There are 2 protein chains.
Amino acid sequence: MAPKEKPADTASTHVAEALAEAIHEHRIAPGTKLNEDEVGEVYGVSRTVVRAALQQLAHMRLVELKRNRGAFVAKPTVKEAREVFEARAMLEPTMTRYAAERMTIEDIAILQAHIDAEHAALRAGETGRALQLSGQFHIEVARIANQVTIAEFISQLVARSSLIIALYWQRRAALCESHAHHALIKALAAKDGPLAEELMKNHLLDLLTSLDLREQTSAPQSLSEALKQ
Amino acid sequence: MAPKEKPADTASTHVAEALAEAIHEHRIAPGTKLNEDEVGEVYGVSRTVVRAALQQLAHMRLVELKRNRGAFVAKPTVKEAREVFEARAMLEPTMTRYAAERMTIEDIAILQAHIDAEHAALRAGETGRALQLSGQFHIEVARIANQVTIAEFISQLVARSSLIIALYWQRRAALCESHAHHALIKALAAKDGPLAEELMKNHLLDLLTSLDLREQTSAPQSLSEALKQ
DNA sequence: GTGGACGTGATTGTATACGATTCTGGATCA
DNA sequence: TGATCCAGAATCGTATACAATCACGTCCAC
C-alpha cells in the first residue's frame, strides 16, 4: 500500500521525520544539542544514518550544524522570524487562491479532518500535537494548489514557524488558529479564491502579530552567545 | 581572509559546490549518473563525504537520489520547469524592489562586476560560465535585499533554472540576458524600486517564453522511462 | 585567590569494511 | 530466433574503526 517509492534512503529519512515531528511538537526545545550517539541509540541506528538525518534537518533549517561541535535544534533570531513570515506572506495567499480554484470534494474532507484532529488534540491537552496539525493544514493547502516546488518551500517555512512560535509566542489561546482555519475552509469549499487569499493573508498577519519580536527576548541565552553576535 | 566560518563540514560542502558549479555551467548533462566511487576519486575523498555532498545537492533538487540506484543529475519535467519560474515570479520582483531601496555604492559595483565577468565569459566563448554568472546576478540581488531566507530559495530556483535551460532552451542568443541585467542595474542604482521590480518581472517572463515547454521535448529519453510515466 | 597552561575524556569528521540490492551478460530452453 | 533465468560484477546502504578537534577539569605559578 505505502511501502515508500521514490524517496531516498528510508532509514535516515525516518529518523529525520521523527526528529522533525518532535521538534514541531515542541518536545525538543530550541538550542538542544542532538548528540549523534544518543539519537542513534534512541532509534537503533548507527551514527552514519543519524548524520544523514541531521543533514536533512539542517537543510530545512530545523537544526544548526556547527563544525566539530555537533547539531543543535535551531534557535531562529528575531530577524529570521520576520523573514520567515515575510516569505510566507509572499507565497501562501497566492497558493490559497490557487487551491480554491482546484478544490475537490476529497480535498475538503482532508482539510476538515485536519481541523478535527487539531481540535481533538487541543481537547486532549496536546498543544504540541495541535500545533503540528495546524501547520500541516497550511502544507496541505499548498499541496492542493498543485505547486510542489512552492509547497516544499512552505513546508520548510511552516516547520521553522514552529520553532519561532516556541521561542516568541506571547500568551493568547491557540484556539484562534482553528477559527481562522475554519473560515478558510469555508472559502475554499466555496471556491472563492479572492476571499480565501484574503483570509490567509490576514491569518498570517494575525500569527505574526501574536509574536513578541522585540530584540533580546525571553531567554537571555548564554553570555558568550550574546557577545559573539 | 576566507577560511570559512560557520558553514558545516568543509569537505562535503566543497565537493557539493564543485559539482553544483559543474552542473550550473552545463559541464555535466542532466540525467548523468554520479557514481560515488568516481566522484570520490576525482576529488580525493571517500564515499562518506561524497554521499553527504550528493545529499546536499539532492536537497537543492540538482540531483535526484534513487534508492539502491545512485545519484543522477536532475532532469526537471515541464511541470517542474513551469513551477520554478512561477516561484521565481512570485519572489524575485519583490526582492528586486527591496534591493533597490537598500542599494549601496558597493552593491552596484558588485553587480557591475558580475555583468562584466559575464560579458568577458561570453566573449571567451564560455557560455556555461556566462550562464553561471548570469544566475549569480539574481542571487546577488536577493542578497542585497537583505532577506537571506528568500535569498536561499531563489538560490535554489536559479540553480534549477540552469538545468531547465539546459533541457528546454530553444536557440536565441544568450546576449539578451545581459541587456536585461544592464537595464536592471540602472534602475537599481537609481533606487527606482517600482521600475526595478517591473524590469525583473519582464526579465523573468522573457526567460520563460524563451523556453520550449511543450510536453515531450528534445530528448526522447529511454523507452522504459517514457513508458513508466 | 586568580589566571593560565596542560592533559584527559568526549564528540565529531573521515575512511574503510561488509552485507544487500540491482544491473549485466551469457547460457539454456521452447 | 527469441525470451527467460541465473550467476558474477558493480554499486549502494549501513556499521564500525580510527583520527582530529574540542570541552572541561586539574594543577601550578604568581
Side-chain angles (χ1 to χ4, degrees), chain A residues 2-19 28 31-59 61-75 221-228, chain B residues 3-19 28 31-59 62-75 221-228:
Chain A
K4 296 290 178 183
E5 293 292 338
K6 279 278 187 64
D9 27 323
T10 42
S12 63
T13 329
H14 179 257
V15 174
E17 281 171 4
L19 283 173
I28 315 181
T32 305
K33 166 124 194 237
L34 296 175
N35 184 291
E36 295 181 357
D37 282 320
E38 276 184 61
V39 176
E41 195 162 355
V42 168
Y43 295 105
V45 292
S46 84
R47 279 182 52 217
T48 307
V49 355
V50 173
R51 282 180 72 81
L54 291 175
Q55 226 195 352
Q56 288 184 240
L57 295 174
H59 271 280
R61 304 282 170 188
L62 277 184
V63 313
E64 189 178 352
L65 262 41
K66 301 185 183 179
R67 175 157 181 100
N68 285 322
R69 301 275 318 281
F72 302 81
V73 178
K75 282 170 72 173
Q221 335 196 60
S222 75
L223 180 60
S224 59
E225 276 194 29
L227 291 180
K228 84 176 173 190
Chain B
K4 296 292 179 182
E5 294 292 338
K6 279 279 188 60
D9 30 321
T10 42
S12 64
T13 342
H14 178 258
V15 173
E17 281 171 6
L19 283 174
I28 315 181
T32 306
K33 165 125 195 236
L34 296 174
N35 184 290
E36 294 180 357
D37 282 320
E38 275 185 62
V39 176
E41 195 161 355
V42 167
Y43 296 105
V45 292
S46 84
R47 279 182 52 218
T48 307
V49 354
V50 173
R51 281 181 70 81
L54 291 175
Q55 229 196 346
Q56 288 184 239
L57 295 174
H59 272 280
L62 277 184
V63 314
E64 190 177 352
L65 261 41
K66 300 186 183 177
R67 175 157 182 101
N68 285 322
R69 300 275 316 282
F72 302 80
V73 178
K75 282 169 72 172
Q221 337 196 57
S222 75
L223 180 60
S224 58
E225 275 193 31
L227 292 180
K228 84 176 174 191

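Chain A is the first sequence line, chain B the second, and so forth, proteins listed ahead of strands; every chain is numbered from 1. Just so we're clear, the structure is a prediction, and the values are computed from it rather than from any experiment.
Atom OH of A/Tyr43 and atom C1' of D/dG13 are 20 Å apart (whole Å). Distance B/Gln55 CD to D/dG13 C1': 12 Å, rounded to the nearest Å. Rounded to an integer number of Å, the gap from CG of B/Asp37 to P of D/dA10 is 11 Å. Protein atom CD of B/Glu38 is 12 Å distant from nucleotide atom C1' of D/dA10, rounded to whole Å. The interatomic distance linking B/Asn35 (CG) with C/dT22 (P) rounds to 17 Å, in whole Å. Atom CD in A/Glu41 sits about 15 Å away from atom C1' in D/dT16, given to the nearest Å. Between the CZ atom of B/Phe72 and the C1' atom of D/dT11 there is a distance of 10 Å, given to the nearest Å. Taking atom NZ of A/Lys66 as the reference point, atom P of C/dT11 lies 17 Å away to the nearest angstrom.
The two residues B/Leu54 and B/Glu36 make their nearest non-hydrogen contact at CD1-CG, 4.0 Å. Residues A/Leu57 and A/Ala16 come closest through the heavy atom pair CD2-O, 3.6 Å. Shortest non-hydrogen contact noted between A/Gln55 and B/Ala52 is NE2-O, 3.4 Å.
Residues A/Asp37 and A/Glu41 are not in side-chain contact: their nearest non-hydrogen atoms beyond the backbone lie 4.5 Å or more apart. In this structure, B/Leu34 and B/Val50 have side chains that are not in contact, with every pair of non-hydrogen atoms separated by 4.5 Å or more. Under the 4.5 Å side-chain criterion, counting only non-hydrogen atoms from C-beta, B/His14 is not in contact with B/Val49.
Looking at the side chain of A/Arg67, the nearest of the listed nucleotides D/dG13, C/dG13, C/dT22 is C/dG13.
In this structure, A/Thr48 does not reach the D/dT14 phosphate: none of its side-chain N or O atoms is under 4.0 Å from OP1 or OP2. Dashed line: the shortest gap from a side-chain N or O of B/Lys33 to OP1 or OP2 of C/dC23 is not under 4.0 Å. In terms of phosphate contacts, A/Arg69 brings no side-chain nitrogen or oxygen within less than 4.0 Å of OP1 or OP2 of D/dT21.
Both A/Val49 and A/Asn68 lie near DNA chain D, and the one whose nearest nucleotide falls closer to the 5' end is A/Val49.
Between the B/Lys33 side chain and the B/Arg69 main chain, a donor and an acceptor come within less than 3.5 Å of each other.
Contact of A/Arg47 with C/dG13 (side chain to base): a donor-acceptor pair of N or O atoms is detected under 3.5 Å.
With the 3.5 Å cutoff on both pairing distances, Watson-Crick and G-U pairs in DNA chain D assemble into runs of at least 3 at C:1-30 with D:1-30.
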